[in-house]
Amino acid sequence: MRALMWLMTVVLMVLAVALAVLTLGAFASLGSTAPLWLRSVGSLEHAVSGQLGLSGITHFARAVGLAVLTSALAALAAYVKPRA
């Protein structure tokens with residue numbers, strides 16, 4: 001059972017880090033002074049959002065929503081982590 005909990009923790013943390021990168025890219029695409037590679041990640045986020053049917057939501061609302069979702073995944077990973 002502990003091995004399954006550790007596996008879930010690792011998977012949730014990897015998902016949280018991936019969403020954190022997308023969130024950072026989404027916020028970076030709001031301004032023009034961000035580095036090009038970071039704005040490129042924002043373009044990737046925009047494409048993924050379009051595929052999911054979320055293109056009607058404003059860029060800022062999507063970025064904030066991603067930040068909340070990333071925080072929730074990180075909190076869930078910390079909650080699932082086995083204790084001693």
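Excluded from the calculations below are hydrogen atoms, water molecules and symmetry mates; all remaining heavy atoms, backbone and side chain alike, are included.
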- Where does the angle between the aromatic ring planes of His46 and His59 fall among parallel (under 30°), tilted (30 to 60°) and perpendicular (over 60°)? tilted
- Message: Assigning hydrophobic clusters by single linkage (Ile, Leu, Val, Met, Phe, Trp, Tyr; side-chain heavy-atom cutoff under 4.5 Å), is Leu69 placed with Val11?
- Response: yes
- Task: Would you check if the side chain of Arg62 reaches a backbone N or O of Ile57 as a donor-acceptor pair within less than 3.5 Å?
- Result: yes
- Query: What distance do Phe27 atom CZ and Leu66 atom CG have between them, rounded to the nearest 0.5 Å?
  - Reply: 8.5 Å
- Rounding to 0.5 Å, atoms CD (Glu45) and CG (Leu19) come to a distance of 10.0 Å
- Message: Would you say that Val41 contacts Leu24 through its side chain, given a criterion of any heavy-atom pair below 4.5 Å between the two side chains?
- Response: no
- Out of curiosity, does Leu38 fall in the hydrophobic cluster containing Val17 (side-chain heavy atoms, cut-off under 4.5 Å, transitive links)? no
- Which atom of Thr23 lies closest to which atom of Ala63, heavy atoms considered: CG2-O, 3.9 Å
- Does one hydrophobic cluster hold both Val21 and Leu30, with members joined at side-chain heavy-atom distances below 4.5 Å? no
- Query: Taking the side chain from Arg39 and the backbone from Ser29, do they hold a donor-acceptor pair closer than 3.5 Å?
  - Reply: no
- Item | For Ala77 against Thr9, the heavy-atom pair lying closest together | O-CG2, 3.7 Å
- Message: If you define the side chain from C-beta out and look only at heavy atoms, does anything of Leu36 sit under 4.5 Å from Ser40?
- Response: yes
- Taking the side chain as every heavy atom from C-beta outward, state whether Leu22 and Leu44 have any atom pair closer than 4.5 Å. yes
- Task: Kindly say whether Lys81 contributes a backbone atom to a donor-acceptor pair with the side chain of Arg83 at under 3.5 angstrom?
- Result: yes
- Hey, what do you get for CE (Met8) to CG (Leu76), rounding to the nearest 0.5 Å? 6.5 Å
- Item | Value rounded to 0.5 Å, distance of CG in Leu15 from OG1 in Thr70 | 10.0 Å
